[in-house]
Amino acid sequence: MRLQHLRGRRTTAVAALLTMALAVPIAAQATEDSGAHDSAAAKAAAEIPRQYRVTGPDSVADRDRLARLGVSLDEVAKKSVVITADSAQLKKVRALGWRTKSLGGPPARDSSGKKVRPGVADFPSDDSGYHTYDEALKAIDEAVAAHPDILSKQVIGKSHEGRDLLAVKISDNVGEDEDEPEVLFTHHQHAREHLTVEMALYLIDEFGGKYGSDEAIKKAVDGREIWIVPDLNPDGGEYDITGGEYQMWRKNRQPNEGSEEIGTDQNRNWDFKWGCCGGSSEDPGAEDYRGAAPESAPEVKVVSDFVRSRVVGGKQQITAAIDFHTYGELVMWPWGWTQDEVTDGMTQDDIDTFKAIGKDMAASNDYTPQQDSALYTTDGAIDDYLWGDQKIFAYTYEMYPGDSGSDGFYPPDEVIEKETARNRESVLKLLDNADCMYKAIGKEDQYCK
Ligand code: 0X9
Ligand code: CA
Ligand code: CA
Ligand code: CA
Ligand code: ZN
């Protein structure tokens, strides 16, 4: 509590300084923006959206109003937010009377002078510690080859552009479907959130490599069937690093009928209360475009089908899940579609369980625990689907950094090791609870006997 308070004050002071320092460049930026053509075609061709701090929004209602303009809300503070917007969206934000301040474009990270060839998907040279899609595949294949008794890989389907979508299984007797609680980890719904793929690779390495030497790892691997979907958005991820320059891309790369705009926000496309509640956009140009129909994004359909395939003998085998995002350092739980806690499909015991385990996990990684909708309203998000439709205790993590002062979506590769290992204990806690989530509220007998 105290730490958060201090952090908040420091952020405010820095914000005040930035406001003064950046007053002139912002005005220049705005002129430049408004001079640019805002036709969808011109925008679709090239414009890299930017982050802005918007000062004023201080409630969920304010933030929802902002999100309906088609911008993404990347960071939420008490009296301001950080958004990603293109020039047309920025104009709309300003028309609502909010004060905006550019935070600049994504970092270049090519100090070594080694340039990536135009059109080639690769991280800028200073960030070569991140894995491209092919590099991640190779790392996974190597891990599976090194530990075939506890790791296996399967292709569960294809992305819009035809890349393989994988599920890595980790368990003892990995080739058999045993009667053990199953736990799902999903990664990289949003293209620019590359640290989440590193989180998947960390888990695969940690569980594979330490099985023989680490008690806690061995217990988890022996007693659970762990599913890792390391990359739900390979097309977007590759697009985001085109030519070694970060593109600030969020959605998948599926074209939209009748529009020049590309992409669906996968985390608004799941088939539970899809588009119900003002928590997504029907505009294909919006950062949170929900798609033409639930599961219209092939990647969402593939993973939904995979999850449904884990219903065996009428019982969903997966009991718990984490969907990894960046950034904000948050542990969140459903609902996203409503501010309410106890509702149809969420009993007092359910929400108490979500909170007890969520807070415990957040205590171990020093993230902030909260309900999804404390940020802003979201409908069609994965955790609402997994809980609402499949009764899987599903959490959403927002990884490092806590705020955009530390490079937002693009933290340098030097932080990968620390910021992935940071979640080791919280992941082990979820795995430990997965045999009966309700034991966290002392109701094992009532629910799990
Ligand atoms: O907006 C999102 O999808 C997530 N934030 S991000 O900056 N990574 O895009 C937050 C989702 C929180 N709500 C639910 N999970 N329902
Ligand atoms: Ca580096
Ligand atoms: Ca097993
Ligand atoms: Ca099983
Ligand atoms: Zn995200």
Side-chain angles (χ1 to χ4, degrees), residues 106-116 122-132 135 143-144 147-154 156 167-185 192 194-195 197-198 201-204 206-208 210-212 214-229 240-241 244-246 305-321 326 386 390-393 400-401 406-420 427-428 430-437 448:
R109 298 277 167 71
D110 56 359
S111 65
S112 76
K114 263 187 267 149
K115 291 275 182 197
V116 174
D122 200 359
F123 285 92
S125 52
D126 293 354
D127 277 347
S128 59
Y130 284 94
H131 292 72
T132 65
E135 289 166 354
V144 171
H147 311 285
D149 43 334
I150 52 166
L151 292 187
S152 77
K153 177 191 100 172
Q154 61 192 76
I156 56 174
V168 175
K169 183 183 171 187
I170 309 178
S171 191
D172 65 344
N173 308 311
V174 71
E176 286 166 49
D177 184 3
E178 297 193 290
D179 189 13
E180 296 165 343
E182 301 185 18
V183 179
L184 175 68
F185 300 101
R192 59 195 168 214
H194 301 284
L195 187 59
V197 173
E198 304 306 319
L201 298 176
Y202 166 81
L203 290 176
I204 292 165
E206 190 73 5
F207 284 107
K210 295 202 177 147
Y211 180 68
D214 184 314
E215 278 297 314
I217 295 284
K218 183 170 190 321
K219 182 171 176 248
V221 172
D222 285 347
R224 306 286 180 260
E225 292 179 311
I226 302 165
W227 295 105
I228 298 177
V229 178
D240 193 57
I241 55 173
E245 286 171 22
Y246 293 128
D305 283 342
F306 171 74
V307 168
R308 290 186 287 258
S309 80
R310 297 316 305 147
V311 176
V312 178
K315 189 175 170 244
Q316 175 56 258
Q317 301 296 302
I318 302 170
T319 60
T326 69
L386 292 176
Q390 298 288 316
K391 285 291 169 277
I392 295 167
F393 279 92
Y400 177 90
S406 310
D407 297 295
F409 293 112
Y410 300 110
D413 60 2
E414 283 77 10
V415 312
I416 292 172
E417 211 179 298
K418 174 157 182 265
E419 296 301 333
T420 52
V427 162
L428 285 171
L430 190 72
L431 288 164
D432 189 44
N433 278 293
D435 59 334
C436 179
M437 294 292 279
C448 308

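Order of listing sets the numbers, starting from 1, for every ligand and every atom in it.
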### Carboxylate-amine/guanidinium contact Asp407 Arg109, below 4.0 Å
yes

### Query
More than 12 non-hydrogen atoms from neighbouring residues, nucleotides or ligands closer than 6.0 Å to NZ on Lys391, yes or no?
yes

### Message
For the backbone of Ala434 and the side chain of Thr319, can you confirm whether one donor and one acceptor N or O come within less than 3.5 Å of each other?
### Response
yes

### Task
Mark yes or no for whether Glu245, through its side chain, and Ala108, through its backbone, hold a donor-acceptor pair below 3.5 Å.
no

### Query
So which N/O/S atom does Asp413 have closest to the Ca ion (ligand 2)?
OD1

### Query
Is the distance from the Ca ion (ligand 3) to the nearest N/O/S atom of Asn173 under 3.0 Å?
no

### Summary
For the Ca ion (ligand 2), angle spanned by Asp126 O and Glu414 OE1 (nearest 10°) is 130°

### Side chain Arg224, main chain Asp432, donor-acceptor under 3.5 Å
yes

### Query
Excluding waters, which protein N, O or S atoms are within less than 3.0 Å of the Ca ion (ligand 4)?
Asp177 OD1, Glu178 O, Glu182 OE2, Glu225 OE1

### Task
Would you check if the side chain of Glu176 reaches a backbone N or O of Val174 as a donor-acceptor pair within less than 3.5 Å?
no

#### Entry: Residue Asp172, metal the Ca ion (ligand 3), N/O/S under 3.0 Å
yes

### Gln316 side chain vs Ile318 backbone, donor-acceptor pair below 3.5 Å
yes

### Query
Angle class for the His194/Tyr130 ring planes (parallel below 30°, perpendicular above 60°, tilted otherwise)?
perpendicular

